[in-house]
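Keep in mind that what you see is a predicted model, and the values were worked out from it rather than measured. Chain A is the first sequence line, chain B the second, and so forth, proteins listed ahead of strands; every chain is numbered from 1.
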6 protein chains.
Amino acid sequence: MTRTPGTGSAGLPWTALLRPLHCDVAVVGVPFDSGVTYRPGARFGPAHVRAGSRLLRPYHPGLDVEPFAVQQVADAGDIACNPFDIQEAIGQIQRAADGLLADSGCLVAIGGDHTIALPLLRAAHHLWGPVALLHFDAHLDTWDTYFGAPYTHGTPFRRASEEGLLRRDRSVHVGTRGPLYAPTDLTDDADLGFQVIDAMTVGHDGPDAIAERIRGQVGDAPLYVSVDIDVLDPAHAPGTGTPEAGGLSSRELLAILRGLAARDTAEHPAARIVGVDVVEIAPAYDHAEITAIAAAHVIYELLSVLAVGRTG
Amino acid sequence: MTRTPGTGSAGLPWTALLRPLHCDVAVVGVPFDSGVTYRPGARFGPAHVRAGSRLLRPYHPGLDVEPFAVQQVADAGDIACNPFDIQEAIGQIQRAADGLLADSGCLVAIGGDHTIALPLLRAAHHLWGPVALLHFDAHLDTWDTYFGAPYTHGTPFRRASEEGLLRRDRSVHVGTRGPLYAPTDLTDDADLGFQVIDAMTVGHDGPDAIAERIRGQVGDAPLYVSVDIDVLDPAHAPGTGTPEAGGLSSRELLAILRGLAARDTAEHPAARIVGVDVVEIAPAYDHAEITAIAAAHVIYELLSVLAVGRTG
Amino acid sequence: MTRTPGTGSAGLPWTALLRPLHCDVAVVGVPFDSGVTYRPGARFGPAHVRAGSRLLRPYHPGLDVEPFAVQQVADAGDIACNPFDIQEAIGQIQRAADGLLADSGCLVAIGGDHTIALPLLRAAHHLWGPVALLHFDAHLDTWDTYFGAPYTHGTPFRRASEEGLLRRDRSVHVGTRGPLYAPTDLTDDADLGFQVIDAMTVGHDGPDAIAERIRGQVGDAPLYVSVDIDVLDPAHAPGTGTPEAGGLSSRELLAILRGLAARDTAEHPAARIVGVDVVEIAPAYDHAEITAIAAAHVIYELLSVLAVGRTG
Amino acid sequence: MTRTPGTGSAGLPWTALLRPLHCDVAVVGVPFDSGVTYRPGARFGPAHVRAGSRLLRPYHPGLDVEPFAVQQVADAGDIACNPFDIQEAIGQIQRAADGLLADSGCLVAIGGDHTIALPLLRAAHHLWGPVALLHFDAHLDTWDTYFGAPYTHGTPFRRASEEGLLRRDRSVHVGTRGPLYAPTDLTDDADLGFQVIDAMTVGHDGPDAIAERIRGQVGDAPLYVSVDIDVLDPAHAPGTGTPEAGGLSSRELLAILRGLAARDTAEHPAARIVGVDVVEIAPAYDHAEITAIAAAHVIYELLSVLAVGRTG
Amino acid sequence: MTRTPGTGSAGLPWTALLRPLHCDVAVVGVPFDSGVTYRPGARFGPAHVRAGSRLLRPYHPGLDVEPFAVQQVADAGDIACNPFDIQEAIGQIQRAADGLLADSGCLVAIGGDHTIALPLLRAAHHLWGPVALLHFDAHLDTWDTYFGAPYTHGTPFRRASEEGLLRRDRSVHVGTRGPLYAPTDLTDDADLGFQVIDAMTVGHDGPDAIAERIRGQVGDAPLYVSVDIDVLDPAHAPGTGTPEAGGLSSRELLAILRGLAARDTAEHPAARIVGVDVVEIAPAYDHAEITAIAAAHVIYELLSVLAVGRTG
Amino acid sequence: MTRTPGTGSAGLPWTALLRPLHCDVAVVGVPFDSGVTYRPGARFGPAHVRAGSRLLRPYHPGLDVEPFAVQQVADAGDIACNPFDIQEAIGQIQRAADGLLADSGCLVAIGGDHTIALPLLRAAHHLWGPVALLHFDAHLDTWDTYFGAPYTHGTPFRRASEEGLLRRDRSVHVGTRGPLYAPTDLTDDADLGFQVIDAMTVGHDGPDAIAERIRGQVGDAPLYVSVDIDVLDPAHAPGTGTPEAGGLSSRELLAILRGLAARDTAEHPAARIVGVDVVEIAPAYDHAEITAIAAAHVIYELLSVLAVGRTG
């Protein structure tokens, strides 16, 4: 008797009923999308990404590692979030994340919209203090407010920076593109301490150079990796809320992430990932699960980078 | 008042830029869906229904009336609503509806989710006092709270009843089906004064009998017609948020609405419509515009019933 | 005569048809849609309906007949039509139809848009003189011109009536619904000699009564059956160009057609079908082939009615 | 912390890890589709139907019963089946079903293709001896072989009848339609003891009369209900493998099933359901989950009929 | 001039009702697709691209310019075109374009199919004499006739060249690929004065080199940019009529266009754009608006290049 | 030999193929997908790829060759395969392939799933002895068994190698990516004699270098080219059964294939293709035919490489 397709990422054991949960990495869904400004639907992202993970197998040939063998990874189910009250939802997510981090060494969250990065960063900050942020996204997500609301999917990293959750000298956006509201969007962002590697630059320089540049920027600070799936081109990730033309291919994104596993060198220490979110997967706009599969591979790649770090 | 993507229904003149707006019927979009409990996306409903209205022509052969000739109908654009604060959005909708009703005799709103019925009923109540409610829906929408929130798409008619906006002896749900939370859902609903004609009964008795029963129930009270598109079977309206199997066909719904145009008789006075909403159209789940076309035809039918009333 | 879209890789030769083609019934595709006023795409209808016919089996249990055993039915491929010149295309279709009718007793055409009915009726008229028209459609298709053009998918039956191709006392529209341009649409149509059985009436009276009424109307005149697939509700036929809510179910349509096979009675002689078209299938708007399957079943039903007539 | 959407039908507790499983009704997925002759994909049916069941609530107003309160229902996960060896898969399903029936009083299987009915009927026969079969389907499924294969989705009920698993005087097909291979399909089927109520008859007589006729036919024999979702019209269930036009609406099917809950009368004893399968849901052809939702409602209706039987 | 469904691109003010229209750049829809040889549907392109432009914001960070601030851009609605008479439609488009160019300095047309380029080039020629043509497309579009028709979506640039509308020494196709009818397609094209940079070369040399080569070719001649969206790979633009594998990514196309904004150098003067069309967007084949979004970004990029030219 | 799905209405006779078929290259469909482990549906691949080939034209400008003029290419229809018995189906395919190869010099097969490569390689081996294998795929397809089954879509090349059908020193996988079961997957594969050029390497080195490396590897051995369409990224080929993120673009794949046409050099002899399969196209997951079009272009490219070889 097996369990149903659609449950447990990558065939991981369900452990939600067996709290307390002890593991090295906890994967958790955050089905919250009340912070979106355009197409909603990311609330169904966790189930969709889990379905897209059904084909994943245990061994990563590119990094020569078995990510589920060298570390214990568990699917912790989903965090219940109030869809009608953003601030209450943020509190719910933060408390759940604190609890999960007490039981496990690292949290990998599947969104949900990008609003969820703020409570996840707060929880990370509780354990490790300010973290470097490696942020893949078409957008900066450092706007101030939307409709006067301070907590939305376009504002988490401004709030995080204001709250001191981030290493301002160690954070970087990758893959941004498309129009902005004003030149001050860029200058405000720079004032918050972010570097920007836009999508055109990724295309021009290639993934290897970008990965090296990122490693130089984030250094050996504890690293939080936040992947808005819209960093991918709409061709590679149609199932998202605020798509912009001209994005990365899934191969480019995976290559950059894989580059984070490079061993320490004098110049560039190995990345030390302490938290991950992969967000903004909106299944109603997906086709043939291609966005879900891309997201599942991104998570698998990051789990493998984590695994390499343990075996280093 | 901002305008949304999508233009005037059925080729009606845009008049939003020419305030004050004087017309007999104002059609207005309400792109708000932060009150949904399951699939979001009705925020894009107004543009979608307008697109689905492009094939409508001026003459209604079934009722022998030209609804745009015997009354002035104008598309008033969309009401801007804060997606991050339900109560503020309700206030915005209510103020806009009050303003539009000052300029026009009747408001036809395109949702958006069913939360919007509450401020629209408040505005109707300002002019006409308690109204009879004719409510087409798979669901009762008289639940008390969701996640503790009193204002959502599942609660507008309980709130409306509590606020005294409705004629408790003159209101009726049509087309309900599917499971409920508890037997008290039905008894609470009855305590609020509602009659229920469920979808099985519509199938059993046929549209003519149902229309006659409705006319008997609502009498000559000022009538607010609220159509949740999920009253239709998912086959006829896949593009909605909380579909339930076993619903009405579009022909049944149109036939019932058409039956409201019957002239006064001793037993059943003619229906006197003073407000309309058609809600819960979620384009991301629609196919080939069939939900949009159904919604556009529902609005056209109701505009024609209104026109017959003027020529009676 | 060209080959059907969907056959032969990269235009490689399929062994050509061996003209002259001798058979009782010839099925032919007419991939022409330059006469449409709204959504185009019916040019791909013939290939789509053929694909939707793959599951059909040889025996019709409802009529107890094997339509391919009691008569010889052949697929004659597609008629090549100039997409850039409507009048030339009409001439091409007419010449091809004349040729096919010289070789076979009856022509069943798969559209393409409704423009093609005119040349097909001309060819039928060459053989049988004025024919009764049994026309299933959401629309009357007796408009005069569009953009000044006399030959479009909205005008074939006015042209046909003007040209004397139809028995004005023996023709009927079934399934009309939706708004018209003006009351004169109906009076003009009546002046051309048409009876109208609208979609609401089909719902009210049921298929058996409708079939009987049709048999009374068409009598024993040679009968041309023209089925615009939009006579079906958009739920049953999303893949079409000008959908209208409130249509027939596929079961209702099949039941009415089946009713044409009833044997002679004193009052109602058996229908004598001499030509068929099934048109306006637009694959780009179809889903899971449901429109194609409905159209294939309609053709199969009519072939079976024809077969019953031969065995009567 | 909640569990992910997509797991557990109707929010039932996962119990697969807690064997032995003691419950009144076990719901189990059978992700096997190697027996199909046309469109494959029903292997993903169980996950899809579970997703479509997320909106189900605890109380059935039409039958005034709480199906999860008056009986213990558990989701037993999925049965692992070899996709490359039909006979081995049949054995796997049969052994699992035997095991589940040892722990629970009734098995509700979600397919998978119709091949699975044979091993499920064998398991039912072990407990109750020959059962009455109430079979909803567009097809008879009593063909002999396909490509020489005796065990496919078109043959289970011939095999079952040959093996003596069925009450030949108490079995009935409902909803058949579309062409057959030969007149002998019908006579063979009758020889196997089946009554046939075709789809046209359902449309003509209405669900109440059909339900009564079924109750008369099946009597008080232990009843196995097998629902091929293609009994629904393609408009209501596009997500299936061998669709036929002219089918039932979801409201008609639910009404007939609900009619099974009628209390004993002198003429018609109450139905005594001992096994259920709902099969042939092929998600790749579904849209907006409408097939999944229909299937979930069918299961809910049958669970409610079962519950009424317990409370009778 | 009528307006179509869909509203102002990027929230620009509708000005069609306020003629005469005075602006620097007029955006106009041309909903004509009767010139297509394969999949129709580009008639709905203007509304679809406008919908895809809703997320555009005012500031272009890559070019550091605010395209709506440094120049006045207005949406002029759609040009009404006769779908049944190509030559009449060409006349209608040409007259409308002449009128719009009298009021504005530059016209940006949204197709519609590529037939529309001919009347637009005629209008451009009236003002500026022969123009350089920068043509992005999978196809050469310099064929002679289709079905004997001289004016179709495959022939505009042969006609334009024959009419002397183009600078034969300054024109270039970019992105061609896929099979041709004969080697003479290429030699004829060269005889008409075109350079060809095929899609494989774009992949091999990269966007920067291509942009430089284009600037060298077109020089300082008045430049008309014609973008058939099928220059993009079907992955990036599924919603088009004649897709060919092996195309450009949206990032490559945007990068080449951005390269046109490079300032004057001795070798390569700045591009001087005087007209733009973006054509062949067929919404029925699009998914999740990815083609619409790509087209909207292409227009935004070109508006920004225009803006840079004004601020140079 | 049966006819292709998609031809002939309702199974009506198409004038049969006139065996024996004499040609240089025979294209044949193999509608078999009972060997798949995940998403089925490739049984409909041949009809889908033929539909996607309708736009192909006779002249290949990149290779300056007319592939249908310099060699005779014929479409041989489809091979009938038993879907219920893999080993019988393999025998059917092998016998048909032997027959076709007796009449033609080269076989190009359209799958179907990858199981079919084994009988096709056996047939090739009968004529040419061990062949070099150039295998494009996301997966190695050299696994041993699935569910104990030795003949599936994941195992053909292990079986082929074991049977001595392949030149172990001349075979190469291109485009592999995604997780494996264990490190031994790679070492086993190497033991079978395969070289591996994974997808990341293709991205890093570019198509020209990869084509040269392949030519070096395969040398002048008779070459069998097997293309699993999932070698393409899901963005370029969503319509397949086991998609993996991070794949090739269609332009990259076409460029590599085109590179096989390079003339002999001292170091790298020209490729000598003797057999081709293009497999795993699953139409139910395709959108707007983009996978079909990619597959059709791949076949056209290979036919053109073959043609260049004849004219060399």
Do you know which of F:Pro61, F:Pro234, F:Ala294 has the most heavy-atom pairs under 4.5 Å to chain E?
-> F:Pro61
Give a yes or no on whether the backbone of F:Ala292 and the side-chain of F:Asp286 come within a donor-acceptor separation of less than 3.5 Å.
-> yes
Under 4.5 Å to a heavy atom of chain F? For E:Tyr38 that would be side chain
Just say parallel, tilted or perpendicular for the rings of F:Tyr300 and F:His60, cut-offs at 30° and 60°.
-> parallel
Proximal component of F:Glu289, with respect to chain E [non-hydrogen, under 4.5 Å] = both
Between the side chain of F:Asp277 and the main-chain N/O of F:Ala109, is any donor-acceptor distance below 3.5 Å?
-> no
Pairing of F:Arg50 and F:Asp78 as salt bridge, 4.0 angstrom limit = yes
Please check if the side chain of F:Asp228 supplies one atom and the backbone of F:Asp137 the other of a donor-acceptor pair under 3.5 Å.
-> no
Check whether E:Leu180 gets within reach of chain F through its side chain, its backbone, both or neither, counting any heavy atom under 4.5 Å.
-> both
Could you check which of E:Ala282, E:Pro183, E:Gly203 has the highest count of heavy-atom pairs closer than 4.5 Å to chain F?
-> E:Pro183
When the 4.5 angstrom heavy-atom criterion is applied to F:Asp208 and chain E, the contacting part is side chain
Stepwise salt bridge (Lys or Arg N to Asp or Glu O under 4.0 Å) test for E:Asp205 and E:Arg213 = CA-CA 10 Å; E:Asp205 294 354; E:Arg213 185 169 158 197; 5.1 Å; no
Chain F contacts, top residue of E:Arg177, E:His236, E:His204 (heavy-atom pairs, under 4.5 Å) | E:His204
